[in-house]
Structure formats: C-alpha cells, structure tokens
Amino acid sequence: MAKVSPADSNFTNNAYADRVLDGSPVQTLILGVGNLLMSDEGVGVHVIQRLVADYQLPEEVQVLDGGTLGMDLLYYLEGTENLLLIDAVQASKEPGTLVRLEGEDVPAFMSIKISPHQLGVPDMLAAAHLMDVYPQRIVLWGVQPELMEIGLDLSPTVEVKVDTIIENILDQLQAWGHTLTPQEMPV
Amino acid sequence: MRAVEDALGVTIPNNARILRNILEGIQYVQDHVIHFYHLHALDWVDVVSALDADPAGTSELAQSISDWPKSSTTYFQGVKDRLAAYVNSGQLGPFGNAYWGHPAYKLPPEANLMAVAHYLEALDWQRDVIRAHALLGSKNPHLQTYLAGGMATPIDPTSQAAINADTIAMLKDLFGRAKTFVDKVYLPDVLAVAPFYLEWAGIGGGDGNFLSYGDFPEADGTQWLPSGYIIGKDLSKVYPVDQNEITEHVSHSWYEYDDESKGLHPYDGETRPKYTGPEPPYNYLNVEDKYTWMKAPRVGKNPMEVGPLARMLVAYASGHKRVVETVDFVLGALSKAAGASIGAEALFSTLGRTAARCIETVVTAEKLNGWVDELAASIASGDYEIHANEMWDPNNWPAEAKCWGFTEAPRGSLGHWIHIKDQKIENYQAIVPSTWNCSPRDSLNQPGPYEAALVGTPIADEKMPLEVLRTIHSFDPCMACGVHLLDVDGNEINQISLDAADHFSNPLLRMRGKSNITESGPACGCS
C-alpha cells in the first residue's frame, strides 16, 4: 500500500522507510516537493495528496512528501528505478505552465548558496550521481508558480492545473508499467 | 518552551533535562559536520581539481593524518571515477554555478579528492547519526517530543514503545560511531586543510564581541557550556549575561518604532513591518537608510557575534577544562604545521570560526555518552518521570507572567520572551542566532558581525567573490529553507554581488531572485 509520509519523516517511522531499510525494491517513487505554507511553492505536495486521495496505488509505487528537504531525500532514492518528481519550477513561462523534463535535463548540480538550508533537489540529484543511487529513469513534471507568498492554498491559475498534472502522472505510471485504480467512493 | 516553563515556574524532571541535552548535543554534532562538508568545505575545496588527483597520493595523505579505514588507493580511485563520470556526463555546465578553478583555492588535487570522498561519506554518516532523533523524537528535523514541562517520550524499561535498555544501547552505539567520524575524519580534515589557508586566521574577525547564554544544564545546576560575553577580543574578562540589557533596534530595518533612536527590550518588543526598500530588479540598496528585514539586537550598546566561536571563546576564557585542552591542541597542531607559534588571537577570524565549530563538535561528541550513562543510571534508580504536568491546565496559571527562555542552538544564542496575560499570549518576541550575526547597523550606526567581519576582505575576482562567501559561510547562516523552487533554466538562483557604491567600505552581501522570499523567514525554526 502506498503511503504519503509526513514531509520530513525519518526512515524509522514509516512503512516506506522500512522497505528501504529492508532493501525491498521500490520500483517507482513519486516525490512531491515544496512548502505547503507558501501557496504555489507547495504544488508538488498538493498534487501527491490529491493523487493518494483519489487513487489506489500498487505496492511497487511509493509516494513521498518531500516537503522542503534537500539532501535528506537522497536516502529514499536507494533502490528506486523510476523517479517521478513533482515541483514548482522557475521556467520563465506564464504562471500555470506545465513543464516536463526527462533524464539528464532534470537539473543536477552543486550550486552557490548562502546557507546549508538551501540545499535543494539539484544538489541532491548531483550527490545521487556521485553515490551511485541516481535512478535509472527520472521524469520531472513542473509548474510555473504564480503566487509565492504565505498561504495554504494554490493560486487559481495553478489549482486548475492539478487535474492535468495528475493525468500526466497516470500516463507516466502507465508507461512505466503500473496500473492505478480510482479509490472507491464512500457510500 | 523554556520561556513558558520560566513564566509558569515549572521545573522539568531530571530525565527530561538529560534527554534535552542528548538531543541538543547530537544536533550540534550532526549540524556542524554537515555545515562543514556540505556547505563550507566547498569554499576551500575545488571539486573539479580532484579530477587531477593521483589516488595513490590521496591514499598516502589520508593515511598520514588518520587511521580511518576508508583510505586505500582503490577507494579513492573509485570516488574519482564516479566524479569523472558525473562531470563528463554532460552536466558540466551547471558546475559553472560554483566558483571551481578560482585562484583562491589552494589545496593540491590529492587533498581535494580526499575532501570529495569525505563529503560523500558525511552523507552516509549523517543518515546514521540522526537516527537518534528518530529514536527519541519520532522524526528529524522538527522533533515531536518537546513540550512545556518536559518531554513527550515515555520511559518504560518494560515497553518496546518507550525509552528502554535497547534505546540506551542503540544510542551508545550511534554516538560511538558519531565520535569516531568526528575524531578520525572531521578533525583531521580541518587540521589538514587549515595550513593551506593560514592567512584566513587574520581575515574575517570583526569587532570581537562574543555572546553565549550557556546551555546544557547539569544535575548540579551549572551549565556544561558556560554563559557570558566578551568585549573587544579581550579574553581576560568574561561579563555575566543579564537579559535585561538586551534590546533590538530598527533604525536600519524595515520595521517601524515610535522612537527609532533607541532599541526596545523584547518584553516591550514590536514587529511592525514597513518596507521602504527598492522595487525589483533590485539594482541598488541604500544602506544609509533602512536596508534589511533583520532587526539589530544589542547587549547594552554592543553588537554580538554568537555561535560555536562565541561559545568556545566564552568557555575558553572561563577555563572550561576540555575546551581549553582542545583549543590548545588545535592551536598547537596548526603552529606545528605553520612552523610558527599560533596563539588564541588567531581564533578571531574566519578560520577561527571554522576551527571553533570543529572543536565544539569534538568536545560535544565525547560528552554525549556521558549523558546517556546519566540517563541510564536515572532509569535504573527507578525514576521514569519525563514530564511535569502540574501547570498543563491553564486554570493553574497566574493572571499575568513575563519570562524568557534561552538556549544555545547550533548556530548560537536563541532567546524567546513571552508575556502571558489572562491565559493568553500578550506579546512574544524571539531573537534568533542569525539575527545577532546578520544584524544591520543600529541607531548608533554600528555594524553587526557580518558587516564588521567583511571589512578588509581581499577579493581576487569581484565577479566571483569566493572570499566573501568564506567569511559569511563561516558563521553558518540560517535562511531560505522554506523555499526550494527548482530552476529549470539552469540560471543562477542565488546571486552574490559586491556593491561598490556601498559607503561602508565593506562589500555588501545581497541576494537576488528567489531568495528574496526569505523575507518571510525560515521554516525550520533552527535559525
């Protein structure tokens, strides 16, 4: 059963982490990252919450709320064959524009930063290269944000894109050989 | 939490005191190692240069400074191969986002390769070590066990879901491994890298005022790391901390007070934002006017540096035995490498800040299992109490209470001031470590520690101010953890520019782009 872990949960207290520690294969990891307190910045987390609410995921597909963690997400890549990353992205496009990147087009680099708290997904993926845990396949679905201020809700511009992103996730999972079924609605 | 405990007059149980020391101690160790390898080392280590290293030479170097087992030629060859594969994978472009090849990098390729290997080992190490937080606090970061009056982690030797003998054994094992890495990798690396950068023992010092609230309360009521402050680099005198002397100024900050010619004590503190700075694209910042979201905290009239260097200097000047021994050991090792006597005055510098963080890690890592033993002895004596709950019910609270709580967070002195009235919060103010260090000028126009430390910094290439980053990073700034927008255009996200128009004769550090969102403050609370 797939689970959404708390944003910054440690590996000893959730089922997903136990599998990682056991070395059980996690074929596909859907990683939603972002800050839920900063409106569109948190779109990755909003999307995976919706995904888990609406669909039953097969055992080999895991969903992780990466919150604003950077390097700490590295450990969840061990044994992951396919990584599907959902995040807000700066693509210099109109707000709400969806962006799909694949493989080495997904940024993986060590960047200049002021604080260790700025270690982000690109740093994590660079380290994944160096530690031999870089996934075999990686796809990023990103959204150009409109609103980056304190707030729990997505902007309307981004909110209307969530269904499309979920459709894209389903297509990607299907391409990777996974089948999802809608959650049964409560009577 | 301590502010509320102080306000309500709660004394936490002995077990909670020990548990807090353990969690804070391992936080120091983990935080400092990660700061060094994953942020600060890249200021001194040229990753791309490691591709020119002879792995046999790296092996020889590593074995000459430590008996850490991962030191064979084969091992370093493997690291080099992986680095080469990554750099050659077509992702070299993004490496341009750092300052690789900068003339201020001085390490030979073999040392650079060793540092890259340890950068990667530190990633594995921290995963292991921080399990202590998961074990005792459910998760990391943002532990879930702290609460006013004590801790929420139950102690029960007969339960698998509580602190028991297994927990104690696991902690001792984890902390033993933490200490081994610190002693055999972190400390030797700092001692091996520092001799190449000894000029940095004379750069980045600042005004030399240092503050520590002291922390890690012991059973006898003393603090393991002492409180006090030092003025003007004078280690012969440690002044006692009186929180009544603390004020915050906003004369150069984007807030408003009725009278901005003086500071306000946090009990009377106000946070009324009023932005008067430039509009995008932020080409110019007038530092004669208001120029930051940071307030300017002061002790009396004095700006204060906080953090590991401040704690180690206050402890050193107070005669703390293990700190004195470890500081003298490090100064001795550097003197030997330099072939000249290096005294405590070298600590007032960028290099001193980096060395002090390592020294603090060494003494903390060796202290941890002492606290675990203390906890084990307390449990063995039949004491399972972990929370004092007599004030949990607000009906037991006084009608009005004002108090402060303090700690020494990894980055430095952290104080919270609370005013409770009619069971509600009347006022709450916090002064976090990075506010002390990053403080702007005050109403007397005195600069804060960052600004003072940057005066006189040599810059080889003003387009790539690596030297500025060295000093700023040596403070371990806390910022921007709340936003991680992914830039898919491969653009620079943090832009560091030197402002020649700054009248203050020191480079002005500023960041553009997404980092402006740090105005909202950090999300992690560690500051």
Side-chain angles (χ1 to χ4, degrees), chain A residues 6-14 17 33-35 37-38 40-41 44 66-72 74-75 85 87-92 99 101 104-123 125-127 129-132 134 140 142 145 148-150, chain B residues 34-35 38-39 42 47 79 82-83 85-86 89-91 93-95 97-99 116 119-120 123-124 126-127 130-131 133-135 138-142 469 472-473 476-494 496 509 511 514-515 517 520 522-524 526:
Chain A
D8 40 13
S9 68
N10 215 305
F11 35 83
T12 57
N13 65 344
N14 66 68
V33 291
N35 186 341
L37 305 177
M38 299 284 285
D40 289 348
E41 219 280 331
T68 56
L69 293 184
M71 252 346 160
D72 299 283
L74 183 63
Y75 313 119
L85 197 56
D87 197 1
V89 299
Q90 173 53 262
S92 311
V99 177
L101 295 179
E104 288 178 350
D105 290 336
V106 180
F109 56 83
M110 300 172 190
S111 57
I112 298 169
K113 53 190 75 64
I114 304 298
S115 161
H117 294 155
Q118 293 168 321
L119 285 165
V121 168
D123 297 272
L125 291 176
H129 272 294
L130 295 174
M131 295 184 78
D132 262 351
Y134 193 82
L140 164 75
M148 297 278 284
E149 288 165 12
I150 287 190
Chain B
I34 290 307
H35 170 268
H38 296 151
L39 181 80
L42 299 182
V47 172
V79 174
R82 274 184 279 157
L83 181 64
Y86 167 59
S89 70
Q91 301 242 7
F95 264 105
N97 267 357
Y99 295 147
V116 170
Y119 171 103
L120 297 173
L123 279 171
D124 270 341
Q126 73 137 354
R127 160 163 72 167
I130 212 61
R131 290 168 89 164
H133 276 189
L135 206 58
S138 293
K139 66 190 196 62
N140 175 69
H142 309 156
L469 282 184
I472 296 297
H473 284 167
D476 191 3
C478 171
M479 48 180 74
C481 63
V483 175
H484 288 224
L485 188 68
L486 189 65
D487 189 314
V488 297
D489 294 342
N491 295 325
E492 280 184 84
I493 289 176
N494 296 313
I496 292 107
L509 184 87
M511 303 195 309
K514 72 167 191 177
S515 294
I517 294 163
S520 306
C524 61
C526 60

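Predicted model, so just to flag it, every value in this text is computed and none were measured. Throughout, a chain's letter reflects where its sequence line sits, starting with A, and its residues are numbered from 1.
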Worked verdict on A:M131 versus B:D124 for side chain to side chain contact (heavy atoms under 4.5 Å, CB included): CA-CA 10 Å; A:M131 295 184 78; B:D124 270 341; 3.5 Å; yes

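Taking each heavy atom of B:R82 and A:L130 in turn, the nearest pair found is NH1-O, 2.6 Å.
Not a single donor-acceptor pair under 3.5 Å links the side chain of B:Y86 to the backbone N or O of A:A127.
Legend: residues meeting salt bridge (charged side-chain N to carboxylate O under 4.0 Å, His left out) with A:D132, ordered by chain and number and at least two apart, are absent.
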